[in-house]
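Only a predicted model underlies this, so the values are computations on that prediction, with no experimental measurement involved. A note on names: the letters A, B, ... follow the listed sequences, proteins ahead of strands, and every chain is numbered from 1.
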Amino acid sequence: MPELPEVSTFQKYFDGTSLHQRIESVEVQDAMIIRNVSGEEFIDRMTGRTFLSTYRRGKYLFARMDNDEHLLLHFGMTGDLNYYSEPEERTKYERFVFHFDNGRHLGFDCPRKFAKIRYIEDLAGYIADIKLGEDALVITDADFLKQTEGKTATIKGFLLNQSHLAGVGNLYADEICYQTGIHPASRVNNLSETQKLDIYGAMQRILQEAINRNAYYKDYPENWFWEWRKEGEPGPNGEGIVQRTKIAGRTTYYIEGIQELY
DNA sequence: TGTGATGTTGAATG
DNA sequence: GCATTCAACATCAC
């Protein structure tokens, strides 16, 4: 699930459920996804804390605590949040859970364990360390253009690189290319400034529209990727043929005859 | 039952 | 040093 719009939805969920409650205890079922401290240390440091606010940058969600340190939640491919009251509401792949002093629980569910949880003492330092780019919805058109300078990668690879700009994942990258009529394997250095600005505009519009629908695909316009990514079939409005290939190491769909290669 | 999966990383290569 | 590519990561669902 989690690209920028999905993580934005997780943020709303977290804000709406888990702030301003003291963590009475922490249970770790599987410490593998906790990356920089042991399960025991995680329990130790989180117990007694209260979440005060959140900050999202790309697909990274940081929860600020009452000691001004942060918990990083990165959802990987299959991370999910589950706030509940009754034990039977636990999800099958809950990896750890915060038990709040109001009797509620916030579970972190992740079947495939690609999620990354970190205890962060220095937020700015961490973001600098991993060279996390500006959020895709926050970056200005001028900075977006600046990021493209000197790049020879495919446009899809560029959009997926989280240090150029943060938040675009595989599905939305395909959608951005589709809606701008540009072949995802086009080289960044072959695109005109107008085309780059087109991509920038489509990116922000698509991400924002997705957020407005809470990243719930069934509410997306019917010509969006969740409908059109079907290999060998005609594209939306019966135009072109949907192709499936691999670009920048990721499965990629595009529509032959609609998206031009530069 | 083998294959692929909405993400990131580090090693290898140019 | 920089940009890019790609296999590896752990596991489940189809």
_Without decimals, in angstroms, what is the distance between A:Glu3 CD and B:dT8 C1'?_
13 Å

_Quick test of your reading of the model: are A:Glu27 and A:Arg90 salt-bridged, counting only N-O distances below 4.0 Å?_
yes

*Considering all heavy atoms of both residues, which atom of A:Arg213 and which atom of A:Tyr220 are nearest to each other, and what is their separation?*
CD-CD1, 3.6 Å

*Parallel, tilted or perpendicular: rings of A:Phe108 and A:Phe75 (30°, 60°)*: parallel

*Between A:Thr251 and B:dA5, is there a side-chain N or O to OP1/OP2 distance below 4.0 Å?*
yes

*Whole Å only: how far is the CD1 atom of A:Ile33 from the C1' atom of B:dG7?*
14 Å

_Check this for me: does any side-chain nitrogen of one of A:Lys113 and A:Asp30 sit under 4.0 Å from a carboxylate oxygen of the other?_
yes

_OP1 or OP2 of B:dA5 versus the side-chain N and O atoms of A:Arg244: is any pair under 4.0 Å?_
yes

*Counting only heavy atoms not in A:Lys131, do more than 12 fall under 6.0 Å of its NZ?*
no

*Report which part of the nucleic acid A:Arg187 touches: base, sugar-phosphate, or nothing (heavy-atom distance under 4.0 Å, all strands).*
sugar-phosphate

*Is any side-chain heavy atom of A:Phe62 less than 4.5 Å from a side-chain heavy atom of A:Leu71?*
no

*B:dA5 and C:dC6, which share atom name P, separated by this distance in whole Å*: 16 Å

*A:Asn161 has an atom CG; how far is it from atom C1' of C:dA3, in whole Å?*
9 Å

*Which nucleotide sits closest to the side chain of A:Lys151: B:dG7, C:dT4, B:dT8?*
C:dT4

*Would you tell me if any nitrogen or oxygen in the side chain of A:Arg250 comes within less than 4.0 Å of OP1 or OP2 on B:dT6?*
yes

*Using side-chain hydrogen bond (donor to acceptor under 3.5 Å, both in side chains) as the criterion, point out the one residue from A:His105, A:Arg104, A:Gln21, A:Glu24 that pairs with A:His99.*
A:His105

*Return yes when atom OH of A:Tyr262 has more than 12 non-hydrogen atoms of other residues, nucleotides or ligands closer than 6.0 Å, and no otherwise.*
yes

_Tell me the interatomic distance from A:Leu159, atom CG, to C:dT5, atom P, rounded to whole angstroms._
13 Å

_Protein within reach of the bases, or only the backbone? For nucleotides 6-14 of chain C, mark each nucleotide 5' to 3' as B, S or -, using heavy atoms under 4.0 Å._
---BBBBS-

*Spacing between A:Phe10 atom CZ and B:dT6 atom P, to the nearest angstrom*: 15 Å

*Would you mind listing every side chain to side chain donor-acceptor pair (under 3.5 Å) that reaches into residues 31-41 of chain A, with sequence neighbours excluded?*
A:Glu41-A:Arg45

_Side chains of A:Arg49 and A:Glu69, heavy atoms from C-beta outward: is any pair under 4.5 Å?_
no

*Would you kindly give the OH-to-P distance between A:Tyr253 and B:dT6, to the nearest whole Å?*
8 Å

_Protein-nucleotide distance (A:Lys131, atom NZ; B:dT8, atom P), rounded to Å_ = 16 Å

*asked:* Check whether A:Thr148 reaches the backbone of A:Leu145 with its side chain - one donor and one acceptor, N or O, closer than 3.5 Å.
replied: yes

_Applying ring-ring contact (aromatic ring centres under 6.0 Å, His included) as the test, list every pair that has at least one member in residues 116-147 of chain A; sequence neighbours left out._
A:Phe144-A:Phe158, A:Phe144-A:Tyr200

*Distance check: side-chain N/O of A:Thr78 vs OP1/OP2 of B:dT6, anything under 4.0 Å?*
no

*For the residue pair A:Leu4 and A:Leu137, what are the closest heavy atoms and their distance?*
CD2-CD1, 3.9 Å

*Base, backbone or nothing for each nucleotide of nucleotides 9-14 of chain B, written B, S, -, heavy atoms under 4.0 angstrom, 5' to 3'?*
S-----

*Whole-Å gap separating C1' (B:dT3) and NZ (A:Lys246)*: 11 Å

*May I ask you to say whether A:Arg250 pairs ionically with A:Asp174, meaning some side-chain N is under 4.0 Å from a carboxylate O?*
no

*Give, ordered by number, those residues of residues 138-149 of chain A having at least one heavy-atom distance below 4.0 Å to an atom of DNA chain C; if nothing qualifies, reply none.*
none

*Identify all stems in which DNA chain C takes part, counting only runs of at least 3 consecutive pairs (Watson-Crick or G-U wobble, each distance under 3.5 Å), and give each as one range with another, ordered by first number.*
B:2-5 with C:11-14, B:7-14 with C:2-9

*asked:* Work out how far the P atom of C:dC12 is from that of B:dT9, and round it to whole angstrom.
replied: 23 Å

*Distance between the C1' atoms of B:dT6 and C:dT4, in whole angstroms?*
22 Å

*What interatomic distance, in whole Å, is found between P of C:dA7 and the corresponding atom of B:dT3?*
15 Å

*Nearest to side-chain heavy atoms of A:His74, which nucleotide of B:dG7, C:dT4, B:dG4*: B:dG7

*asked:* For A:Tyr178, run the ring-ring contact (aromatic ring centres under 6.0 Å, His included) check against A:Tyr254, A:Phe225, A:Trp228 and tell me which one passes.
replied: A:Trp228

